[in-house]
Protein chains: 2
Amino acid sequence: MRVGRGLLAGVVAAHADAIYLVDERLAHLLPASAAKRVLIEANETRKSLEAMPDVILKLRELGANRSTHIVSIGGGVLQDIATFAASVYMRGLKWTYMPTTLLGMADSCIGGKSSINVLGYKNLVGNFYPPVEVVIDIDFIRSLDAEQVIGGLNEAVKICYARGAQSFADYLADGPVWPLPPEIAQRLLTRSLTTKKWFIEIDEFDRKERLLLNYGHTFGHALEAATQFGVSHGVAVGLGMLVAIDFAKRGAHLTPAGTAQADALARHVEAMTDIVVESGVRWPRVDLAAVLQKFDNDKKHNSEFYRVVVPVRDGELELISIPRTDATRAALRTSYEAIFAQLGIDSAAQSSAA
Amino acid sequence: MRVGRGLLAGVVAAHADAIYLVDERLAHLLPASAAKRVLIEANETRKSLEAMPDVILKLRELGANRSTHIVSIGGGVLQDIATFAASVYMRGLKWTYMPTTLLGMADSCIGGKSSINVLGYKNLVGNFYPPVEVVIDIDFIRSLDAEQVIGGLNEAVKICYARGAQSFADYLADGPVWPLPPEIAQRLLTRSLTTKKWFIEIDEFDRKERLLLNYGHTFGHALEAATQFGVSHGVAVGLGMLVAIDFAKRGAHLTPAGTAQADALARHVEAMTDIVVESGVRWPRVDLAAVLQKFDNDKKHNSEFYRVVVPVRDGELELISIPRTDATRAALRTSYEAIFAQLGIDSAAQSSAA
């Protein structure tokens, strides 16, 4: 893992003979010496098992053999495709990943998972096949807009908040802002990645501490899904954290000290979300009943309890179980409504008697 | 790993709720209680990456989730498809494999590899994902013909011969015959599998001892490929062992003691091959130039040397390097011709001036 500026040139120099699996929108940034290229239209249709033979065929036509190195450059979709293709081609090629979104840099580039669609079923297949090297070239951040950068910062602050009060304070002291200067990006990414690694190492099998990294995700996914991804992932995670804080305060899961700590996070996420809106991103109209329905269907719940990560006690995160009752659903609705009202999101509350 | 008779009923009883991925020709052997079934036409077209979404979709339609167990019943094609599908469905399901060919039982059920075709490229992708359990039900052997059984025995004797003189003597003492009675099958399979495990454990990374298991394969593959698989794999491996022995004798790689040991193997393989012919299998006409061409193209050679496993010294196997010269090619041709003539295989030697 390396984080720095201008690293693309060095990667290409070190892997002149590699095959480059690249988001087609970024192909113009590649030096000409990176001659063997598979350009990928980075979308959900290409991130599918049925599109995989075409990727494999292109690798074959470029002469890939057992000793070929793959370099993948792009966001989450490229990471998924490259993880899968590299893992199966001749039973596995070594590969290098250069994430180009802040979300990829701060969070998803670690862990080695792929998620691949199959005939319309989202992420039905996948595997684990980490790259031999992750190289984060901060210069790619220039190509990102406010929504993309703040989406990435939301994942980064989530990781640091989940680690504890000191880690969160350090994150804020690093000075996350928009636009994001390279020296601040370097500090924030290093902190976020180091912290995420701590979670993965302490909880390899995704049973305990690492589950805290779902903070904001159960509440946020419901919003993403109910708007057909009209709210982007990273922004939805920010809103999900706000809803979770509101829900924890109303349910008295927090002590007064914890309220102060959680409020500090809420203020930061709200300020970041305001920047997204100021950049010109418009909220879609949200059907609150659909959001609650998607929340209800989340695979992480069990038959008796909703399972959500919220701030408790002194503000630290905990995965809690809440009975699946009408009272709980009313409380969930109240928290979503409060956050939507605060952010000026038009939610169809009237029509949504569940 | 269990080997025995009548084990299918027990597997089905233990996995009533599993999804059965089964060779459609064997579906009639499944108890009705194995209700969730994906029937597979076991051929090279279905063993492809482009056919995989259909298999995944059928698993999904049968309600497969993270805790679903897969039971796969069939030969090598089923093993390949099940290995691949189980490894990627929701990032990996546990599975049980019941090999139904003698070749699968004696050899390929251990190791956990898959090989999958892509748009006409044979075995271009694959992975490693062993089943949690291999259950060998000897009763499936009844469904096999002489060619299939002897093909399996050829792989078994190859494994035991590769392990050393004592192991080979023990194998012959077990009494391999056709038809193969269940009690002999049990002994032979147990010996073969134990011996193959020894190779895998001593040489996890396929660098040294395990390479000896390629014995018969380089010479045999060339024959398979040149006849468009008109000679079946197991029978071709037998012929490959014979050609290798002839080549080693003519090249004086063997001492007199080694010649006796290698000749004992040759006599056994010849007797087995005669049974295949007596069962009604006809040799295709063989283009010797094509065989030599396929031999020449084998990926296991390097630019300077042919790399083949042959019996040396006292008859033990060794991976040797022979210069890629006209003299070597002439010697290879002589050995192929000798074995073809001995077995009554019509080879177009006249037209094959290479």
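All values derive from a computational prediction rather than experimental measurement. So you know, we letter chains A, B, ... as the sequences are listed, proteins then strands, and number each from 1.
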Looking only at D54(A), L57(A), N65(A), L59(A), most heavy-atom pairs under 4.5 Å shared with chain B are made by L57(A)

Please find the pair of heavy atoms, one from S114(A) and one from R91(B), that lie closest to each other, and give the distance. O-NE, 2.9 Å

If you count heavy-atom pairs within less than 4.5 Å of chain A, which of S48(B), S115(B), A85(B) leads? S115(B)

Kindly check if the number of other-residue, nucleotide or ligand heavy atoms within 6.0 Å of NZ (K300(A)) is above 12? yes

Which residue out of R66(A), E50(A), K113(A) racks up the most heavy-atom pairs below 4.5 Å with chain B? K113(A)

About how many Å separate CE of M52(A) and CE of M52(B), when rounded to the nearest 0.5 Å? 12.5 Å

With a strict 4.5 Å heavy-atom criterion, list every residue of residues 116-130 of chain B that contacts chain A, or say none. V118(B), L119(B), Y121(B), L124(B), V125(B), G126(B), N127(B), F128(B)

